[in-house]
Amino acid sequence: MARYANRLLFLFGVLLYHAGLHTLIIWLGRHRPKVALYHDVSESETAYTAGLQCTIGPAAFDRHLAYFARHYTITSIEDLTGSNAPAGAAAITFDDGYASVYTDAFPILKKHRCPALVYLIGRVIDNAALVWVNELNYFLRVHQAASHDLAAAAFGLPASALPEEIVSAARLGYDKEKIEKLLENVRKLTGISSENLCRQAALYVDWKQIMEMRRHGITFGNHTATHPNLSRLSAADQHAEIAETQALLQPKLGPIASFSYPFGHHGRETAGIAAALGLSSVAEVGGSNSRQQPSRIARVHIHAESVAGVFAQMEVVEPVKATIRALAFRLKAFRQPRGANSA
């Protein structure tokens, strides 16, 4: 039901855009800062990213930035979350640190003189490793005979499960040891080493690329060491994931002040752990920024190619959903008997 409601809201937003009402709606929402979340800017998906809804074409990204520049004041996360954030503020972010951010997105960002923040996964910089999601996705799509049934069984899915269903089950039921054992078994069956696969994929940015982007005003944030589902980890393991990447990034990039949750998942204590490690802003996935809250920056995951779709996602779908959630929370609190929380 929720999926159909999302689709209807999206189509309604597209209709509003084509009816010429987008400028008015953007103006009405000018006091709600907007943050766009991108991942991979490439001409096409690869076996590592297929089905993850994370790839946008460079031409589409170019149109998106032109749209943002026309209708918003594009600014940094630091300025957007500050007390002097301009009306109509918007920021651009990238999760995961794909190499395409440098090869395809960076030239377009320079063309539009647009700042951006890239959240980096510590252990995969320089292609020293693969994020488990990308590696699992690759094996499911390229070496199906060796991986599919093993992976489906590991996560309690039928043999008919699609690759994206298996990846989603692995994400939601995240178990580090189970995933590592599965990937190790598949590597043995295929005769493919993780080192060779990393070199073949060249999927993420290296330090030389990071430094060049930094010289042109691109900033960087912490996206954990291995991209786990943090809601499935203990507080100690969450701390280790975040602290490892802080220790890696800060000697080369200076203070790292922003953190983003992998997949948008987190536990009750995650924001506090990030704050204790010096991360003054925390970025989520989904939601709407009704006011500047550095510890809860709502970001809209952009997966639409059209500008009308971007408008629908940012100005209609996410704000409406956020309003409904807020109303439901207030209604629940109103219905709760007085003294229910006292003991």
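Looking only at side-chain heavy atoms (C-beta outward), Phe106 and Gln209 stay at 4.5 Å or farther from each other. Between Met314 and Phe68, some side-chain heavy-atom pair lies under the 4.5 Å cut-off. Taking 4.5 Å as the limit, some side-chain heavy atom of Ile242 sits within range of a side-chain heavy atom of Asn222. At a threshold of 4.5 Å between non-hydrogen side-chain atoms, the residues Glu305 and Ile56 count as touching. A heavy-atom distance below 4.5 Å is found between the side chains of Tyr204 and Val131. In this structure, the side chains of Leu230 and Leu233 come closer than 4.5 Å at one or more pairs of heavy atoms. Side chains of Val101 and Asp96 form no contact here, defined as non-hydrogen atoms less than 4.5 Å apart. The side-chain heavy atoms of Tyr138 and His143, taken from C-beta on, include a pair separated by under 4.5 Å.
A donor atom on one side chain and an acceptor atom on the other are not found under 3.5 Å apart for Asn6 and Arg3. Side-chain contact of Thr270 with Gln238: a donor-acceptor pair under 3.5 Å is present, judged by distance alone. Inspection of the Tyr48 and Asp40 side chains reveals no N or O donor paired with an N or O acceptor under 3.5 Å. A donor-acceptor contact closer than 3.5 angstrom links the side chains of Tyr102 and Glu212. Between the side chains of His265 and Tyr174, no donor N or O sits under 3.5 Å from an acceptor N or O.
Between the side chain of Glu241 and the backbone N or O of Ala225 there is at least one donor-acceptor pair closer than 3.5 Å. In terms of modelled atom types and a separation under 3.5 Å, the side chain of Trp132 and the main chain of Pro228 share no donor-acceptor contact. The backbone N or O of Pro262 sits nowhere less than 3.5 Å from a side-chain atom of Asn229 that would complete a donor-acceptor pair. Thr93 places a side-chain N or O within 3.5 Å of a backbone atom of Ala36 that can act as its donor or acceptor partner. In this structure, the side chain of Thr73 does not engage the main chain of Ala89 through any donor-acceptor pair within 3.5 Å. The closest donor-acceptor contact from the side chain of Asn137 to the backbone of Ala50 lies under 3.5 Å. No donor-acceptor pair closer than 3.5 Å links the side chain of Gln250 to the backbone N or O of Pro255. The main-chain N or O of Val41 is found under 3.5 Å from a side-chain atom of Ser100 such that the two form a donor-acceptor pair. In terms of modelled atom types and a separation under 3.5 Å, the side chain of Ser168 and the main chain of Glu164 share no donor-acceptor contact. With Lys34 contributing its side chain and Gly29 its backbone, the two residues share a donor-acceptor pair below 3.5 Å.
Between His22 and His71, the ring planes are perpendicular. Angles over 60° get that label, and only those under 30° would be called parallel. Using cut-offs of 30° and 60° for the angle between ring planes, the Tyr38 and Phe61 rings count as perpendicular.
The shortest heavy-atom contact between Phe139 and Ser147 is O-OG, 2.9 Å. Minimum interatomic distance between Leu130 and Cys198 (heavy atoms only, all atoms of both residues): N-SG, 3.6 Å. Contact record, Pro115 with Ile74: CD-CG2, 3.9 Å, taken as the closest heavy-atom pair. Among all heavy-atom pairs drawn from Ala151 and Ile166, the shortest one is CB-CG2, 3.8 Å.
Here salt bridge (Lys or Arg N to Asp or Glu O under 4.0 Å) pairs that include residues 109-136, with residues two or more places apart or in two chains, are Asp62-Lys111, Arg123-Glu244, Glu135-Arg187.
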Verdict with reasoning, Leu37 to Val285, per side-chain contact (heavy atoms from CB on, under 4.5 Å):
CA-CA 8 Å; Leu37 164 58; Val285 178; 3.9 Å; yes

Go through the steps to decide whether Val133 and Arg171 satisfy the test side-chain contact (heavy atoms from CB on, under 4.5 Å), and finish with yes or no.
CA-CA 8 Å; Val133 176; Arg171 168 178 61 86; 6.0 Å; no

For Asn196 and Gln200, what are the C-alpha separation, side-chain angles and deciding distance, and is it a side-chain contact (heavy atoms from CB on, under 4.5 Å)?
CA-CA 6 Å; Asn196 287 340; Gln200 170 191 307; over 6 Å; no

Is there a side-chain contact (heavy atoms from CB on, under 4.5 Å) between Val317 and Lys321? Walk through the geometry before answering.
CA-CA 6 Å; Val317 177; Lys321 286 167 59 179; 3.6 Å; yes

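Using a 4.0 Å cut-off between a side-chain N of Lys or Arg and a carboxylate O of Asp or Glu, Asp95 and Arg299 qualify as a salt bridge. In summary, Glu184 and Lys188 engage in a salt bridge, as defined by a charged side-chain N under 4.0 Å from a carboxylate O.
Cluster annotation: Phe155 and Leu162 are assigned to distinct hydrophobic clusters (Ile/Leu/Val/Met/Phe/Trp/Tyr, side-chain heavy-atom contacts under 4.5 Å, transitive). Residues Phe220 and Trp207 are members of one and the same hydrophobic cluster, defined by side-chain heavy-atom contacts under 4.5 angstrom among Ile, Leu, Val, Met, Phe, Trp and Tyr.
By the neighbour-count criterion of 12 heavy atoms within 6.0 Å, atom CZ of Arg268 is sparsely surrounded, having that number or fewer from other residues, nucleotides or ligands.
Taking OG of Ser295 as the start and CD of Glu284 as the end, the distance is 8.0 Å to the nearest 0.5 Å. The CD1 atom of Ile108 lies 7.0 Å from the CG atom of Leu65; values are rounded to the nearest 0.5 Å. Here His227 contributes atom NE2 and Thr245 contributes atom OG1; the two are 11.0 Å apart, rounded to the nearest 0.5 Å. If you take CD on Glu78 and OG1 on Thr219, they are separated by 5.0 Å, rounding to the nearest 0.5 Å.
In this structure His301 satisfies the ring pair (Phe, Tyr, Trp, His ring centres under 6.0 Å) test together with His39, His303, sequence neighbours excluded. Qualifying ring pair (Phe, Tyr, Trp, His ring centres under 6.0 Å) partners for His112, counting only residues two or more places apart in sequence or in other chains: none.
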